[in-house]
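Notes follow once the structure below has been shown.
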There are 2 protein chains.
Amino acid sequence: MAVTIKDVAKQAGVSPATVSRVIADNPRISSKTKQKVREVMEELGYFPNFQARNLVAKKSQTLGIVMENSATLAFQNPFFPEVLRGISTRAHGSQYGLYLSTGATQEEIHREVVEMAQGKRVDGIILLYSKIGDPVMEYLGQCGLPFSVVGRPYKDPETVSYVDNDNINNAKETVEYLIGLGHRHIAFVGGATDFVVSLDRMEGYRQALDQHDIPFVEAYAVNQELMQGKEREAIRQLMALDVPPTAIVTHDDMVAYEVIGYLEDLQIRVPEDISIIGFNNHAISKHLKPPLSTVDISIYELGLHAAELVLEKITDESVPPKQVVVSSRLIERGSCRRL
Amino acid sequence: MAVTIKDVAKQAGVSPATVSRVIADNPRISSKTKQKVREVMEELGYFPNFQARNLVAKKSQTLGIVMENSATLAFQNPFFPEVLRGISTRAHGSQYGLYLSTGATQEEIHREVVEMAQGKRVDGIILLYSKIGDPVMEYLGQCGLPFSVVGRPYKDPETVSYVDNDNINNAKETVEYLIGLGHRHIAFVGGATDFVVSLDRMEGYRQALDQHDIPFVEAYAVNQELMQGKEREAIRQLMALDVPPTAIVTHDDMVAYEVIGYLEDLQIRVPEDISIIGFNNHAISKHLKPPLSTVDISIYELGLHAAELVLEKITDESVPPKQVVVSSRLIERGSCRRL
DNA sequence: CTGAAAGCGCTTACAG
DNA sequence: CTGAAAGCGCTTACAG
C-alpha cells in the first residue's frame, strides 16, 4: 500500500491534520513541526493522493483539451502539436495538467466533454476549433465550466473567451498581395465550410476582390464540400476554365502542397505558370520547391493565450469574457510571381 | 452544487448504495429498481464524480503519456501527433482517458512521472521515447506502475513491454537499397546519440557496409552531437571531402528536407548529383520535389500497440513483459538514382 | 500552534 | 434484492 498522510502523522508523532497543513505550507504550523514532518515524508516517500485531494478541494488542477479528431485530420496537421506546445507551456507554468479528449465522432466528443465537466475531471476546457452549430460549444456555454476557444465562436462571440487570428484580414491582405503582383484571376481553395475560420478566410477573399473591383467568379471559389474528396478533379476543372486563374490561395499549406502536385501532373508549373500561397506556415514549407509563400499565424501563441484565458476564468469566475487577437504575417517565398 | 448519488437516492426512494449498484449495473438489483433509478438520474442530470469514484476504486481510468518536450523537438515532428492518434484510438476503445506530461526538462518530466504514479493520477504510463541512462525509465522500472515504451529500452529490454520497429534492419536494408543502386560512398546523418533509435540505425548502417565490404568512413557518419546545430556547415564539409558521398541516409524526413536545402545552396542537385533517403514517411514527403524516398515506420501502429501493452499490464499485472515489432517498409520515390 | 471530527462523493463487504 | 456502515485519503472549520 502507498504511504498515506496517516502513516506520516503516526511516524512524526502529530495528527493527520497537521501533516495536511504542512503539505499546504500553512503558516500557523511551527517551523520545527514542519521540518520534522517533512523529514518523515521524505523518509517514508510520501506523495499526496490526487484523487483524495481533488475530491475535497473540488478541483482537479487539470485542463481538458478538446480537438476534432474526425477523419484524423487534426492529427495530421502540424497545427495540433504546435498549439498543444503553447498550451502545455502555459499550463505547466501554473502547475496544471492536461487531459486530452479521445473521441472520434462529434457525439463521442460531446459525451466526453459532459463527463469531463460533470465528473469534475477538469477545471476548465480549451476547445481547439470553432464550428457552426457545434453542440459542444453550446454545452460549454451553458454548463458554467470555464473554457476558452481557439477560433472565434460563430454565435455570440462576445460572450466567450477566445483567441484567434484576424482571419478575414489575413485572407484579404493575402489576396491583395497577389493583386499587387498583378493578378486579377485569383482562385481560393478553402476548407470545410462549417468551420468559422474557413468562412472568415472566404470573406476576406471576397472583400479584397470587392475593394479592387474584381468580380467574384463562382467557379474560382472552391471548398471542401464542393470537392467532396475529389481534389484532383476540382483542380483540373479549375484550370480547364475558359479563363483559368493565375493564382490560387489555399487555406492551408498542406493543401497547397497537394494542389501543387496536381498542377504538376497537368504540366502547370509553380510559380512560372501559376502562383500559389498557403496558410499556417508549416515547418517544412520553407523547404519546398519552390519555397511556399504562406501566412504565419503564430500557432504557438494561440495555444499560449488559450491556456491563459481558461486559467484566468478558473482563477476568477467573474472575470468578463476576453478576446485575444494574435498577429499573423505574410511570408514571401518563392511560390508567387509578378505578372 | 452538482447532483450526487444521495440526491438520486432520496428522489428515487432507495439508498445511495443501491444507486451506486445501478451505476455499476450490478445484476443483483431488480430491473424495476434499476429503471426507476435511471429515470431519476436522467431527470436530475446526475453524473458520477470521477475523483470520488477513483479514490475508492483505486484507479483512474487514465493513461499518462510522457514525451520529450525539450527543444520543442517532439512537437515539431509529425511523429508525435500520429503516435498519439494510435494511442488515443486504443485508449478510447477501453474507456481510458489520456493525461499528458507537460515538463520541458528531464528533471521536470521525472518529477511529473513520479507524481502521476505516486499520486495515482494514472493507471499506467506510455513512454514515447527511449534514451540511454534515462532516469524516468529507471524509475518506471522500479515503481511497479504498469508502463510501456515506444522504442526499445537500452537496458534490460526483455524486462519491459515495448513496441518498436526493427530499426537496425530498417537502416541496413535502406543502405543495401542504395548499394543495390550502385552506391558505395554512403553517408549517414543520424540523430541525438543518446536515443536508442539513433544507435540502432547507425548500427544497421555499419552492418550493411560490413556485409558488402565497404569500409566505414568516419567522416561519413554524422550525428546531432557532431553537428552541434551547425547542420549547414556539416553538410558543406561532408561534400567537400576528397571523396564526397554519392548518397545520404538521414534519420528523419525533416532532416532530409533540410539537407536537400543545404545541398541546393551548394549547387548540388537531388537526385542527379546525390541520392537522399529519409525515415518516418511524413505526410508531405510525397509532395516534395523530388518526392522523397523514405522508410515508413507505421507510427500509428506503434501508438496502438503501446496503448495495448500498458492496458494489458493494467488488466493483469502478472502478464509477462511483451515486445512487439511493428513492420516498416521502404518507399521508393524520386530522391534516389541508380549510379 | 495543534488536534478531533466531520465531510468530499463514491464503493463494497456484511447483514438481512 | 436492498440498506446501514465503514472507509478511500485527504482538507478544513471549530475548539482549545
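Protein chains get the first letters and strands the later ones, always in sequence-line order, with residue 1 at the start of each.
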message: Less than 4.0 angstrom between a side-chain N/O of A:Ser15 and OP1 or OP2 of C:dA4, yes or no?
response: no
query: Using a cut-off of 4.0 Å on non-hydrogen atoms, how would the nucleic acid contact of A:Phe47 be classed: base, sugar-phosphate, or nothing?
result: sugar-phosphate
field: Phosphate OP1/OP2 of C:dG3: any A:Thr18 side-chain N/O under 4.0 Å
entry: yes
message: Can you measure B:Lys10 atom NZ to C:dC10 atom C1' for me and round it to whole angstrom units?
response: 16 Å
query: With respect to the phosphate group of C:dG9, does any side-chain polar atom (N or O) of A:Lys58 fall under 4.0 Å of OP1 or OP2?
result: yes
- request: Determine which nucleotide pairs with C:dA4, using a 3.5 Å limit on both distances of a Watson-Crick or G-U wobble pair.
  value: none
- request: Ignoring backbone atoms, establish whether B:Arg21 has a side-chain N or O less than 4.0 Å from OP1 or OP2 of C:dT11.
  value: no
- prompt: Salt bridge or not for A:Lys58 and A:Asp123, using N-O below 4.0 Å?
  reply: no
query: Tell me: CG of B:Asn54 to C1' of D:dG9, nearest whole Å?
result: 13 Å
message: Tell me whether B:Gln51 contacts the main-chain N or O of A:Lys120 through its side chain, where contact means a donor paired with an acceptor under 3.5 Å.
response: yes
message: Distance check needed: C:dT11 C1' versus B:Lys6 NZ, whole Å only.
response: 14 Å
message: Quick check on DNA chain D: between B:Ile29 and A:Val19, whose nearest nucleotide comes earlier from the 5' end?
response: B:Ile29
message: Testing the 3.5 Å rule here: is there a donor-acceptor pair between the side chains of A:Arg85 and A:Thr89?
response: no
- prompt: B:Thr33 side chain N/O closer than 4.0 Å to the phosphate oxygens (OP1, OP2) of D:dT2?
  reply: yes
query: According to a strict under-4.0 Å criterion, is B:Ser30 in side-chain N/O contact with OP1 or OP2 of D:dT2?
result: yes
- prompt: Within the structure shown, what part of the strands sits under 4.0 Å from B:Ala17 by heavy-atom distance: base, sugar-phosphate, or nothing?
  reply: base
- prompt: Which nucleotide in the set C:dC14, C:dC10, D:dG9 lies at the smallest distance from any side-chain heavy atom of A:Val56?
  reply: D:dG9
query: Can you check the A:Leu44 CG to D:dG9 P distance for me, whole Å?
result: 15 Å
Residue mapping more 5' on DNA chain D - nearest nucleotide basis, B:Leu55 or A:Ile23: B:Leu55
Between D:dG3 (P) and B:Ile5 (CD1): distance, integer Å: 12 Å
message: By the 4.0 Å heavy-atom rule, please label A:Arg53 as base, sugar-phosphate, or nothing.
response: sugar-phosphate
query: Considering Watson-Crick and G-U wobble pairs with both distances under 3.5 Å, what does D:dA13 pair with?
result: none
- prompt: Rounded to the Å, how far apart are A:Gln51 CD and C:dC10 P?
  reply: 14 Å
- prompt: Can a side chain N or O of A:Ser20 be found less than 4.0 Å away from OP1 or OP2 on D:dT11?
  reply: yes
field: d(CZ, B:Arg121; P, D:dC10) in whole Å
entry: 14 Å
message: Whole angstroms only, please: what is the CD-P distance between B:Gln35 and D:dC1?
response: 15 Å
- request: Answer with base, sugar-phosphate or nothing: what part of the nucleic acid does B:Tyr46 contact at a heavy-atom distance below 4.0 Å?
  value: sugar-phosphate
- prompt: Is it the case that B:Arg152 places NZ or CZ above or below the six-membered ring of B:Tyr162, under 6.0 angstrom from the centre and within 45 degrees of the axis?
  reply: no
D:dC8 OP1/OP2 closer than 4.0 Å to side-chain N/O of B:Lys120: no
field: Salt bridge flag under 4.0 Å for residues B:Glu115 and B:Arg121
entry: no
query: Ion pair present between A:Lys131 and A:Asp194, side-chain N to carboxylate O less than 4.0 angstrom?
result: yes
